[in-house]
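Whatever order the structure lists them in is the order used to number ligands and atoms, beginning at 1. Along the sequence shown, residues carry numbers from 1.
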Amino acid sequence: MSWRRLRGAIARAAAAMQGPRPVVLSGPSGAGKSTLLKKLLKEYEDVFGFSVSHTTRQPRPGEVNGKDYHFVTREDMQKEIDAGEFIEHAEFSGNMYGTSKGAVQAVQARNQICVLDIDIQGVKNIKRTDLNPIYIFVQPPSMDILEKRLRDRKTETEESLLKRLTAARVDLELSKEPGLFDLVIINDDLEKAYSELKKMLLEEIKKAEESRKS
Ligand SMILES: Nc1nc2c(ncn2[C@@H]2O[C@H](COP(=O)(O)OP(=O)(O)O)[C@@H](O)[C@H]2O)c(=O)[nH]1
Ligand SMILES: Nc1ncnc2c1ncn2[C@@H]1O[C@H](COP(=O)(O)OP(=O)(O)O)[C@@H](O)[C@H]1O
């Protein structure tokens, strides 16, 4: 065996021994992150676990406290941040969002692969930690389609919708930074986007299923 092939084999063996990596989904509001995540969590409910973030925004109809988010006041969230309880936090569209250490630990305690849905500031902050996730950017096919999907979702006021579209333009530019994301999925046809996501996560799914058997 050549040195190159041997090195490759060693790297693959080392990666396999390390166990599955967490997964970060990022992308503009309305790109389809939650839709893709829900499909993944439904198909692989034992394999993946969602990192439940904290937010100061109001719950939407149907959202459940402790499941979709931990809905908190700015004051309470700031206290927990000051106490060092958060891995990362960011201000998005006039509200605070953040991943607590407890959110990630809760998923890891269930022996599941932790999936985080965070904005691009969160991505940059997670890069400074030792979480070592796979970074995936979900991109809408165009700004016009993004706007239509956000309007049709009927969750936003005109003001918050405009803020999200402005943030989306910035995020689409920032996402072009080389090496920031391991994969960019263009969410045009949902089934195609979902199969790209699954293909990227196949190795991690296999590792998780193997470790469950043993
Ligand atoms: N940095 C960071 N961003 C988050 C977190 N949780 C959610 N977000 C991001 O906050 C943004 C707004 O989320 P949300 O209000 O649920 O709106 P939606 O993405 O349009 O459904 C999205 O880009 C999320 O990815 C978090 O814990 N940390
Ligand atoms: N591929 C798609 N084609 C058409 N509509 C979609 C597609 N993906 C998501 N949507 C719809 O677009 C809206 C925004 O998706 P959502 O998952 O809430 O985005 P995000 O979590 O990124 O903010 C939702 O109403 C969702 O049903």
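- Listed by number with element, the atoms of ligand 1 under 4.0 angstrom from any heavy atom of Gly98 are 26 (C), 27 (O), 28 (N).
- Side-chain atoms of Asn95 and Thr56 include a donor-acceptor pair closer than 3.5 Å.
- Of all the heavy atoms of His89, none lies under 4.0 Å from any atom of ligand 1, so neither backbone nor side chain is involved.
- Protein heavy atom in closest approach to atom 19 (O) of ligand 2: Gly32 N, 3.0 Å.
- Using a 4.0 Å cut-off between heavy atoms, Arg60 contacts ligand 1 through its side chain alone, with no backbone atom that close.
- At distances below 3.5 Å, at least one donor-acceptor pair connects side-chain atoms of Arg21 with backbone N or O atoms of Asn132.
- Annotation: atom 23 (O) of ligand 1 to nearest protein heavy atom, Asp119 CB, 3.8 Å.
- Atom numbering of ligand 2 starts at 1 in the shown order; those under 4.0 Å from a heavy atom of Ser29 are 23 (O).
- Within the model, atoms CG of Asp171 and CD of Gln121 stand 8.0 Å from one another, a figure rounded to the nearest 0.5 Å.
- Close approach of ligand 2 to Lys33 is summarised as follows: ligand atoms under 4.0 Å from at least one heavy atom of the residue are 17 (O), 19 (O), 20 (P), 21 (O), 22 (O), 23 (O).
- Taking a cutoff of 4.0 Å between a charged side-chain nitrogen and a carboxylate oxygen, Arg151 and Glu147 qualify as a salt bridge.
- Heavy atoms of Leu36 found under 4.0 angstrom from ligand 2: none, in either backbone or side chain.
- Few gaps surround CD on Glu156; more than 12 heavy atoms of other groups in view lie less than 6.0 Å from it.
- Nearest protein neighbour of atom 27 (O) of ligand 1, counting heavy atoms only, is Ser53 OG, 2.6 Å.
- With ligand atoms numbered from 1 in the order given, ligand 1 contributes 1 (N) to contacts under 4.0 Å with heavy atoms of Ala90.
- With hydrogens left out, the protein atom closest to atom 21 (O) of ligand 2 is Ser34 OG, 2.5 Å, a heavy atom.
- Residue-ligand proximity, Asp188 to ligand 2, at heavy-atom distances under 4.0 Å covers atoms 1 (N), 2 (C), 3 (N).
- Atom numbering of ligand 1 starts at 1 in the shown order; those under 4.0 Å from a heavy atom of Asp117 are 4 (C), 5 (C), 6 (N), 7 (C), 8 (N), 24 (C), 25 (O).
- Side chain of Ser175 to main chain of Phe137: no donor-acceptor pair is present (N/O by atom type, distance under 3.5 Å, no hydrogens or angles).
- Contact between Glu91 and ligand 1 is absent, with no heavy atom of the residue lying under 4.0 Å from the ligand.
- Contact analysis leaves His54 out of contact with ligand 1, as no non-hydrogen atom separation drops below 4.0 angstrom.
- Listed by number with element, the atoms of ligand 1 under 4.0 Å from a non-hydrogen atom of Gly122 are 1 (N).
- Among all non-hydrogen protein atoms, the one lying nearest atom 5 (N) of ligand 2 is Arg149 NE, 3.5 Å.
- Across Pro20, Ser51, Pro133, a single residue satisfies side chain to side chain contact (heavy atoms under 4.5 Å, CB included) together with Cys114, and that is Ser51.
- The CD1 atom of Ile134 sits 10.0 Å away from the CG atom of Leu197 when rounded to the nearest 0.5 Å.
- Note on residues 178-201: pairs passing salt bridge (charged side-chain N to carboxylate O under 4.0 Å, His left out), not counting sequence neighbours, are Lys39-Glu191, Glu43-Lys198.
- Distance from atom 28 (N) of ligand 1 to its nearest protein heavy atom, with residue and atom name: Glu88 OE2, 2.7 Å.
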Name every donor-acceptor pair, under 3.5 Å, that has one atom in a side chain of residues 81-90 and the other anywhere in the protein, sequence neighbours excluded.
{"from": "Asp82", "atom 1": "OD1", "to": "Gln78", "atom 2": "NE2", "distance (Å)": "3.0"}
{"from": "Glu88", "atom 1": "OE2", "to": "Thr99", "atom 2": "N", "distance (Å)": "3.2"}
{"from": "Glu88", "atom 1": "OE2", "to": "Thr99", "atom 2": "OG1", "distance (Å)": "2.5"}

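- Atom CD1 of residue Ile113 and atom CG of residue Leu201 lie 7.5 Å apart, to the nearest 0.5 angstrom.
- Asp76 contributes no side-chain N or O that, together with a main-chain N or O of Val72, makes up a donor-acceptor pair within less than 3.5 Å.
- Of all protein heavy atoms, the one lying nearest to atom 18 (O) of ligand 2 is Arg153 NH1, 2.8 Å.
- The closest approach between a heavy atom of Arg153 and any atom of ligand 1 is below 4.0 Å.
- The protein atom (non-hydrogen) at minimum distance from atom 14 (C) of ligand 2 is Gly30 O, 3.5 Å.
- For the atom pair CZ (Phe71) and CZ (Arg60), the distance works out to 8.0 Å, reported to the nearest 0.5 Å.
- Each of the following atoms of ligand 1 lies closer than 4.0 Å to a heavy atom of Phe92: 11 (C), 12 (C).
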Is there a salt bridge (charged side-chain N to carboxylate O under 4.0 Å, His left out) between Glu63 and Arg57? Walk through the geometry before answering.
CA-CA 12 Å; Glu63 281 184 330; Arg57 85 152 160 73; 2.8 Å; yes
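- Remark: distances from the non-hydrogen atoms of Gln121 to ligand 1 are all 4.0 Å or more.
- Contact annotation for Ala193 and ligand 2: no heavy atom of the residue comes within less than 4.0 Å of the ligand.
- In the model, Thr155 has a side-chain atom that pairs as donor or acceptor with a side-chain atom of Arg153 under 3.5 Å.
- Residue Pro28 has at least one heavy-atom neighbour below 4.0 Å for each of these atoms of ligand 2: 22 (O).
- Heavy atoms of Ala31 come nearer than 4.0 angstrom to ligand 2 in at least one pair.
- Those atoms of ligand 1 with a heavy atom of Arg57 less than 4.0 angstrom away are 14 (P), 15 (O), 16 (O).
- From the protein, the heavy atom lying nearest to atom 20 (O) of ligand 1 is Ser29 OG, 2.5 Å.
- Taking 4.0 Å as the cut-off, Asn187 counts as a neighbour of ligand 2 on heavy-atom distance.
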Applying salt bridge (charged side-chain N to carboxylate O under 4.0 Å, His left out), run through Lys124 and Glu177 and close with a yes or a no.
CA-CA 11 Å; Lys124 295 201 166 180; Glu177 182 183 322; 3.2 Å; yes
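- Protein heavy atom at the shortest distance from atom 27 (O) of ligand 2 is Thr35 OG1, 4.1 Å.
- Contact between Lys33 and ligand 1 is present, with at least one heavy atom of the residue lying under 4.0 Å from the ligand.
- At under 3.5 Å, a nitrogen or oxygen of Tyr69, whether backbone or side chain, sits near a nitrogen or oxygen of ligand 1.
- Remark: side-chain polar atoms of Lys42 are not paired, donor with acceptor, to backbone N or O of Leu37 under 3.5 angstrom.
- Under the 3.5 Å distance criterion, the side-chain polar atoms of Asn187 are matched with a main-chain donor or acceptor of Ala31.
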